[in-house]
Amino acid sequence: MYALGDPVRLEIVKCLAMEKELPCAAIDVCVAKSTLSHHFKILRESGVIYCRKQGTQHMNSLRREDLAERFPGLLEAVLRAAGMTAGKA
């Protein structure tokens with residue numbers, strides 16, 4: 001819950017919920033690059049996102065199956081509370 005409690009991290013999760021996979025640079029939030037890296041690290045270490053390297057980019061995706069197995073319904077509830085409909089998620 002800590003990982004999803006920050007507005008910047010929640011925005012990252014919302015962006016990733018709309019796309020299958022995104023590079024870090026494609027997520028538009030108004031924070032410094034070092035701060036954004038910190039937020040990605042928190043999401044990775046908490047098991048919310050998966051990151052793979054592709055050339056010089058880091059491609060990020062939600063770990064939907066893992067989250068659904070460990071915390072059934074959590075991701076959908078968080079996205080719904082953040083104003084996303086189930087159809088987008």
Side-chain angles (χ1 to χ4, degrees):
M1 291 304 292
Y2 168 76
L4 298 173
D6 183 274
V8 173
R9 291 192 290 269
L10 186 56
E11 188 62 31
I12 292 168
V13 170
K14 284 171 51 177
C15 290
L16 292 173
M18 290 188 285
E19 301 291 332
K20 183 176 179 181
E21 190 175 54
L22 287 172
C24 298
I27 298 174
D28 187 27
V29 290
C30 296
V31 296
K33 187 175 179 179
S34 61
T35 304
L36 187 59
S37 294
H38 170 73
H39 288 299
F40 274 105
K41 178 182 176 186
I42 298 284
L43 290 169
R44 272 193 322 273
E45 289 179 351
S46 65
V48 175
I49 66 171
Y50 172 74
C51 179
R52 69 176 181 85
K53 202 164 185 181
Q54 180 178 329
T56 59
Q57 293 186 328
H58 289 90
M59 301 301 290
N60 301 283
S61 58
L62 285 177
R63 297 180 69 174
R64 291 180 181 272
E65 295 81 20
D66 294 339
L67 289 170
E69 185 178 308
R70 288 177 32 206
F71 308 105
L74 175 67
L75 183 59
E76 293 78 15
V78 167
L79 292 173
R80 195 170 32 256
M84 292 187 67
T85 60
K88 290 182 183 176

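In what follows, every heavy atom counts, from backbone to side chain, and hydrogens, waters and symmetry copies are set aside.
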Please identify each residue that fulfils side-chain contact (heavy atoms from CB on, under 4.5 Å) with A26, with sequence neighbours left out.
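A26: side-chain contact (heavy atoms from CB on, under 4.5 Å) contacts with L22, P23.
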Running the 4.5 Å side-chain criterion over Ile, Leu, Val, Met, Phe, Trp and Tyr, what cluster does Y50 land in, apart from itself?
none
Nearest heavy-atom neighbours spanning A3 and V48
CB-CG2, 4.2 Å
How close do L67 and G47 get, heavy atom to heavy atom, and via which atoms?
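Looking at all heavy atoms of both residues, the shortest contact is CD2-O, 4.0 Å.
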What is the distance from atom [atom1] of [X] to atom [atom2] of [Y], rounded to the nearest 0.5 Å?
{"X": "C51", "Y": "H58", "atom1": "SG", "atom2": "NE2", "value": "5.0 Å"}
{"X": "K14", "Y": "L16", "atom1": "NZ", "atom2": "CG", "value": "12.5 Å"}
{"X": "K20", "Y": "M59", "atom1": "NZ", "atom2": "CE", "value": "10.5 Å"}
{"X": "L62", "Y": "M18", "atom1": "CG", "atom2": "CE", "value": "10.5 Å"}
{"X": "L75", "Y": "R70", "atom1": "CG", "atom2": "CZ", "value": "12.0 Å"}
{"X": "D28", "Y": "I12", "atom1": "CG", "atom2": "CD1", "value": "11.5 Å"}

Listing request: all salt bridge (Lys or Arg N to Asp or Glu O under 4.0 Å) pairs with a residue in residues 54-63, at least two apart in sequence or in separate chains.
R63-D66
For D6, all residues meeting side-chain hydrogen bond (donor to acceptor under 3.5 Å, both in side chains), sequence neighbours excluded
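Per chain and number, D6 pairs via side-chain hydrogen bond (donor to acceptor under 3.5 Å, both in side chains) with no residue.
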For R52, the side-chain hydrogen bond (donor to acceptor under 3.5 Å, both in side chains) test, sequence neighbours excluded, returns E21, Q54
Are V8 and I27 connected into the same hydrophobic cluster when the rule is that any two of I, L, V, M, F, W, Y join if their side-chain heavy atoms are below 4.5 Å apart?
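Yes, I27 and V8 fall within the same hydrophobic cluster.
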Using a 3.5 Å cut-off and no angle test, enumerate the donor-acceptor pairs between side-chain atoms of residues 29-40 and protein atoms at least two apart in sequence or in another chain.
unit_1	atom_1	unit_2	atom_2	d
S37	OG	K33	O	3.1
H39	ND1	R9	NH1	3.0

